[in-house]
Amino acid sequence: MPSTDSAVPVSRSRVERIRRLVVAAARWVAIGAALGAAISLALLIVWTPRAATDTAFALGALVLGFGVIAWSTAVGLGHTIEGMKAHLDVSAGWTEASAREAFFVVSWTGAGWVVAAAACSILLGV
Amino acid sequence: MVSKRFIAKRLLLLGPVLFGVATVVFAILHLSPGDPAIAIAGERASQEFVEQVRSDLGLTDPLWEQYVRFLGNTATLDFGESYQIRRGAAVGDILADRLPITIELAVLGQIAGLLFGLPLGILSAVKKDTLTDHFSRVGALTGISVPIYWSGPLLILLFAQVLGILPTSGRIGSTYFIDSKTGFILIDTLLAGNLAAFQSAALHLVMPVIVLGVYSMAFISRMMRSSMLEVVRQDYMRTARAKGQGAKTTVMKHGLRNAFIPVITIIGIQFGSMLGGSVLTETVFEINGIGTLLVEAINKSDYPVVQATVLVFAFMYTIVNLFVDITYSVLDPRIDQ
């Protein structure tokens, strides 16, 4: 049964890959949440609870939005950009995979940030 | 042929891109100074009235609530109502009125750029280092270097003020009243069977299209030239000539298709620039397209209009790039592999 034998490792590696992605995403969400909470609380020193949590949320949304746009661009156009850099002979080590990884981190950090800022807003009764 | 998987992947990416753009626009609008409630109520309005307006607009809710509501409405293509531009009117209706104007301008500008840029680039490559090539390169460099806000008024001065052969601004002469069926003035005048109005609309479009087209032409011709120069050096071109094929046939049959692939990228990027450039072009020539709408909405803190306009820009840019990718795969099936 060669087909079944080869299908098992493929399926296992896919599950393993998804598991690693989920763990990595959770780690960056946690870091983002810590950042969001810290910034919300730090801004409380100078602003009202409403202004502090709103500003922290907007900053987090900026990080999240930028990360998602850049990640999508890396996924959609990464190979084209790689090819063009190679064609123009200006490659400086930039790869589609590294860009995708970097913006994955930015996106999930932003997601954690906005969630924490929203949670702070609720906890402070804004 | 282009695989369904390839197109599906590109269409799926449309979601994250639009989500990202919506999020960034929302964040920037709320981080920037300016209060829509004061803009609506007026500088001299009482604090109570301003608070009432703010409450009516839902701006008293925490920002995360506003964001969730905004995303939910956007997902159902409900962009809300305009605060200021056309108070109370659905933003979707305002966009539907203005969008065809900008698309018409961008498409005509792109066509003009292609019509002149492609032959110029090919001619420049085929006649490399001749007077034709030098003229073409200087022309392209000038086209890239001259900003729209300078070339626009200069053209108005020359063709409208000095020579008096073209109208200064607007979309059609003030004596014509055409029912807007499609929003595209050239098509609407033709549908109305009014040739005089069509002529007037066409004359009004000449200068804006030149301004947008020159910029596009310059980029396309430069890219076409360098791409063509690379292709004519390839072995298969030499082989075709060695087998007795004429120079013109070799260039048109074997060279053009391969040289066209990098140019396609430029066309896609250029279309995005056309949309961005339309903000300036429409302002200079007083055309009420989506570009002037965006400027007006930013000045008046009309959040729903700004958000919807930027999303439409992003959507159009992404769709054009999807078509560019599909064209790539058609021209060079290896890309699809």
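Lettering follows sequence order; numbering is per chain, from 1. Because the structure is a prediction, the values reported are computed rather than measured.
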Heavy-atom distances under 4.5 Å only: say whether [X] touches chain A with side chain, backbone, both or neither.
X: Asp61(B); value: backbone
X: Leu12(B); value: neither
X: Glu65(B); value: neither

Min side-chain heavy-atom separation Trp108(A)-Leu64(A) under 4.5 Å: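 The answer is no, as the side chains (C-beta and beyond) never meet within the 4.5 Å cut-off.
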
Top of Thr60(B), Thr318(B), Leu322(B) for chain A proximity - count of heavy-atom pairs under 4.5 angstrom: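 Result: the option with the highest number of such pairs is Thr60(B).
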
Aromatic contact, Phe313(B) with Tyr317(B) (centres under 6.0 Å):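 No; Tyr317(B) has its ring centre 6.0 Å or more from that of Phe313(B).
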
Ring centre gap for His30(B) and Tyr303(B) strictly below 6.0 Å: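 Yes, the ring centres sit under 6.0 Å apart.
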
Within 6.0 Å of CZ in Phe315(B), more than 12 heavy atoms from elsewhere: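 Not buried by this count: 12 neighbours or fewer within 6.0 Å.
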
